[in-house]
Amino acid sequence: MGSVLFSHLLFFLTTVSVVLAVSSVDSSSDSYRLMRIKSELVDPYGVLENWSEGTNMCTWNGVACSDDKSHIVRLNLTSSGLEGQISQEFAHLTSLRVIDLSDNFLNGTIPPAFGELHNLEELLLFSNFLSGEIPLEISRLRKLQVLRIGANMLTGQVIPEIGKLSELRVLAVAYCQLSGKIPNEIGNLKQLINLDLQQNSLSGPIPEAIGGCKNLQNFAASNNRIEGKILASIGQLESLEILNLANNSFSGLIPVELSHLSNLKYLNLFGNELEGEIPFELNKLVQLETLDLSNNKLSGTIRLLNTQLKNLETLSLSGNFLTGSIPSNFCLRDSSLSLLILADNKLSGNFPLELLNCMSIRQLDLSGNSFGGMLPRGLDRLKSLTDLLLNNNSFTGTIPPEIGNLTNLEDLYLFQNMLSGGIPVEIGKLQRLRELYLYENQLSGSIPRELTNCSCLTSVDFFGNQLSGPIPDNIGRLKNLVILQLRQNELSGPIPSSLGYCRKLQKLALADNKLSGSLPPTFRFLSEMDLITLYNNSLEGPLPESLSLLKNLSKINFSHNKFSGNISPLAGLDSLTALDLTNNSFSGPIPSKLALSKNLTRLRLANNFFTGQLPSEFRQFKDLRFLDLSFNNLTGNLPPSLAGLKNLGHFLLSSNQFSGEIPTWLGGIEDLGELDLSFNNFSGTVPTELGNSPKLLKLSLSYNRLSGPIPPELGNLTSLNVLNLRRNNLSGSIPSTLSKCQKLYELRLSENNLTGSIPYELGSLSELQVILDLSQNHISGEIPSSLGNLVKLERLNLSFNQLQGKVPQSLGRLSSLHRLNLSYNHLEGQIPSTFSGFPLSSFMGNNHNLCGPPLLSCSELKEHDRIWELSKAGVVGITVAIVLTATVICMVLLYIMLRIWCNWRKVTISCSENGGIESTSKQGENWVYGEEINSGQYWNTTSLVSSKEKQISKGTCMFNLSIWKLTASKVGL
């Protein structure tokens, strides 16, 4: 603020002094005009300080006068830090031949007043902040030879009137915002040497008239929108030394006529849509030093020979469709070629040995081709090599140890090949090596300790190999190391403590290995560390407190290890944007101090043993987009303060012990894309406000205690892919509004108390693929035929409901279905024939009239029913016959028993009458009168019967017993 005030004060004082000075100066003099020009400018560096009254104008900074000292002829204020607009007063300085106001901070437009300077030869206004269009008045400067007004914010077209400047030798309007076509009138500039139109928005073709600029030496029109074919007439510009048409939309073939440009040193056609073969005639450009034809659609073989292009230093043909290999006579031993880029083509074969003759080559890029075979042991012949890029090919075998002889090598890229074996120890001889990329090969063995001799190394990337053994314990010698990427290998042992002495280290990736032990305390020295990933190892123990010193850490991933204890050392890191501690054994409460990392966008603490409630301080995570706290032991309600997490896209709290109602403020998070509150103890209803989340892709509230109806407002979630409300106490009917969720591919509403019928509208969910599960509810009615439209559906479960009626034949169109369960309903009728491959269990527990494979066919079922009806009549008849037969038998038996009893009775009476009279009478006496006679006397009295009577009685009774036995034998007793 102070500097601004000072600047304005200085401007005010300068203006006042200039006005006072000007008032005493001849208003027709050049010095007067210069003082007025000064008054309109801000001069923060005092460059115009000696422009003052009483001094000779010709001694002022930037001013050059005529021989008689009366007029200014040259004004050079380049790079003076001047601000403000260009004054109209320039119109009065008619003797000016050169104006150079370039590289300042001038704004406004180019004043039309410049059109009055008829003696002007050079106008240099480039590198300012000038805007507007090129004034037409410029065309009146008939003596103008140099017009450089580029690197401004000029708009509009390159005015056709510029063709009137017949003396113009340099026209530079690059790095502006000019549009339209290149005017044909350019061809009138016969003296033009330099035409610089690059970095604008010019369109249309190059005008044929350009062929009239016979003296043109530099034609640069790169980074525009120029289209059409490259004109053959450009080949007539025999003086041309530089032709730069890169990054346009030129199409067609490269004209053979370009080979006529015998003075051409620089040809850049990069980034167009040129096709066809590279003309062999380009070998005639013997003066050519740089040739860039990359990023086109060129095909065929490489037809350029360094043996003819002897001055060629840079050749770039990358990003085309070139095939074959390198010509056998491509390079001379005394070649000047220093940079050869052939990347991203379709070149094949073994490593081209012809290149070993290019002894001067410094950068060799063969990446992104189909070269194969082994790397030649003679690579060390390329003594000047600084950059070797052989990545993204199919090279096999080992890395030749001779590579250690390339002592000038700075960058070695061998990644994404099929190299095997170990890393040669000779690589430690590369003292200048800065970048070593060997990732995604099949390298094995240990990392050689000799690697630490490469003290200039800044980047080491061995990702995705089969390296084993420990990380060298002397790795701390790599003092310049910035990136260490060893992920996805089989490295074991502890992280060496010396790693902490790589104090410039910014990115450390040791994930996906077999590392063990704890984090070394020397990590406290890695103060420049930005990223550290250690996931998928067996690291353990508590986190060192010294991690809190690494204030530049922005990304931490320690997931899938065995770390324990609390995470307080990671709390309060100001630069932290991503923290992933998933699947460890961290415990205790989540520290509220973690909220000090206000820039956090991703926080993943799932699968640990965290307890307690969510800190209300989490409201400070204004940029948080991903929050995963699932699979812990967290409790309590969701604090209302979290409503401030307006950028939250993923909110995952499943498998905890959260309780209370699902807060309505969740519906106010507009960017929410995934909400998983499953496997908790939430109660109450599903908030209708959740229907206000337009970006929601997944909603999982399963395995809670939610009740009430499913809100129809969920139908507003038109982006929803997954809806899972399984295992709650939801009731009511399924809302038909769910049919508006047209992107839904998984719908689970099972194990609730839902009633009513299945909405017909669900058949419009054409993207439903993973599952439709409505099982274990109280749904009734028929299965809607519209479900047959769900042709992508893979699993359908409607079991354990009260569905009735027939299975719609339209379901037979579900060709993607591989799991089906319609069991335990009241379904009947014929099953679609396409369901014959499903097991019986898919249909069991339904009405017996349900038929068709895998159940009984419907015809067999009818026959079975007919036989069953007949069988029922037969059974009734047999039952009646059995009952009648049994009744008859019982009656017969009863009759026989009765007869037997009667016969026995008769026999008993008969016996009594013939031989038992006396006995009876005496017995009766004893019963009447003999109450005082004891039992023994009674029995003695009965024995007084004569022996004769006994014999008669005995014989009669024996006869009747025989009759009973005979009768019994007849009836089967």
Side-chain angles (χ1 to χ4, degrees), residues 242 246 265-268 270 285-295 302 304-320 322 325-345 347 351-369 371 375-393 395 399-415 417 424 426-438 454-461 480:
I242 297 174
K265 297 180 180 179
Y266 180 93
L267 175 58
N268 190 347
F270 167 91
L285 301 175
V286 293
Q287 300 296 325
L288 201 62
E289 297 174 358
T290 298
L291 175 60
D292 192 346
L293 305 178
S294 54
N295 285 34
I302 296 175
L304 299 171
L305 303 176
N306 191 230
T307 52
Q308 297 185 36
L309 302 173
K310 295 182 179 181
N311 291 307
L312 194 64
E313 298 176 358
T314 299
L315 174 60
S316 180
L317 305 177
S318 63
N320 283 288
L322 300 174
S325 189
I326 308 297
S328 57
N329 56 343
F330 177 76
C331 214
L332 291 173
R333 292 184 180 274
D334 58 349
S335 166
S336 300
L337 192 64
S338 63
L339 190 151
L340 177 61
I341 303 177
L342 305 177
D344 300 318
N345 279 285
L347 301 173
F351 183 94
L353 298 178
E354 295 78 12
L355 295 181
L356 301 182
N357 293 325
C358 303
M359 307 291 287
S360 60
I361 200 165
R362 293 187 297 107
Q363 298 179 24
L364 175 60
D365 188 354
L366 303 181
S367 63
N369 281 285
F371 288 114
L375 297 179
R377 301 180 70 91
L379 265 178
D380 57 349
R381 291 169 57 185
L382 303 177
K383 299 293 186 183
S384 301
L385 208 58
T386 61
D387 299 89
L388 178 59
L389 292 78
L390 304 179
N391 52 283
N392 294 90
N393 279 286
F395 289 115
I399 299 174
E402 288 79 5
I403 208 164
N405 297 329
L406 299 174
T407 53
N408 290 309
L409 202 61
E410 297 177 0
D411 302 309
L412 177 58
Y413 291 6
L414 301 179
F415 60 87
N417 279 285
E426 288 81 2
I427 214 161
K429 297 160 60 177
L430 303 177
Q431 298 292 313
R432 297 185 180 180
L433 194 64
R434 297 178 305 177
E435 296 185 352
L436 177 58
Y437 288 91
L438 306 180
C454 305
S455 55
C456 292
L457 269 174
T458 61
S459 301
V460 174
D461 193 340
N480 294 301

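Positions are given from 1 along the sequence.
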Ignoring hydrogens and geometry, is there a side-chain-to-backbone donor-acceptor pair from [X] to [Y] under 3.5 Å?
X: Asn393; Y: Leu366; value: yes
X: Asn345; Y: Leu322; value: yes
X: Asn480; Y: Ser455; value: yes
X: Thr386; Y: Arg362; value: yes
X: Asp411; Y: Leu436; value: no
X: Asp292; Y: Phe270; value: no
X: Asp344; Y: Gly319; value: no

How would you list, by chain and number, every residue that makes a side chain to side chain contact (heavy atoms under 4.5 Å, CB included) with [X], sequence neighbours excluded?
X: Ser325; result: Pro352, Phe371
X: Thr307; result: Leu305, Leu332
X: Thr314; result: Thr290, Leu339

All side chain to side chain donor-acceptor pair (under 3.5 Å) counterparts of [X], not counting sequence neighbours:
X: Lys429; value: Asn405
X: Glu435; value: Tyr413
X: Asp461; value: none
X: Asn329; value: none

[X] versus [Y], closest heavy-atom pair with distance:
X: Ser360; Y: Leu337; result: OG-O, 2.7 Å
X: Pro424; Y: Pro401; result: CB-CA, 4.1 Å
X: Leu342; Y: Asn369; result: O-ND2, 3.0 Å
X: Leu304; Y: Pro327; result: O-CG, 4.4 Å
X: Leu293; Y: Asn320; result: O-ND2, 3.1 Å
X: Gly428; Y: Cys454; result: CA-SG, 3.7 Å

Approximate separation, where rounding is to 0.5 Å, of [X] [atom1] and [Y] [atom2]:
X: Leu340; Y: Leu389; atom1: CG; atom2: CG; value: 11.5 Å
X: Leu388; Y: Ile403; atom1: CG; atom2: CD1; value: 5.5 Å
X: Ser338; Y: Gln363; atom1: OG; atom2: CD; value: 7.5 Å
X: Ser335; Y: Glu313; atom1: OG; atom2: CD; value: 9.5 Å
X: Asp365; Y: Ile361; atom1: CG; atom2: CD1; value: 10.0 Å
X: Gln431; Y: Leu457; atom1: CD; atom2: CG; value: 10.0 Å

Should [X] and [Y] count as side-chain neighbours, where that means a heavy-atom distance under 4.5 Å?
X: Ser316; Y: Ser294; result: yes
X: Leu412; Y: Leu433; result: yes
X: Leu414; Y: Ile399; result: yes
X: Ile302; Y: Leu317; result: yes
X: Leu364; Y: Leu355; result: yes
X: Leu353; Y: Pro376; result: yes
X: Asn295; Y: Ser318; result: yes
X: Leu288; Y: Tyr266; result: no

Return the set of residues passing salt bridge (Lys or Arg N to Asp or Glu O under 4.0 Å) with [X] (not counting sequence neighbours), or none when no residue passes.
X: Glu410; result: Arg434
X: Glu289; result: none
X: Arg432; result: none

Assess whether side-chain contact (heavy atoms from CB on, under 4.5 Å) is satisfied between Asn391 and Tyr437, documenting all intermediate values. CA-CA 9 Å; Asn391 52 283; Tyr437 288 91; over 6 Å; no
According to the salt bridge (Lys or Arg N to Asp or Glu O under 4.0 Å) rule, which pairs have a member within residues 376-389, sequence neighbours left out? Arg377-Glu402
Could you pull out all residues at least two apart from Phe330 that satisfy ring pair (Phe, Tyr, Trp, His ring centres under 6.0 Å)? none
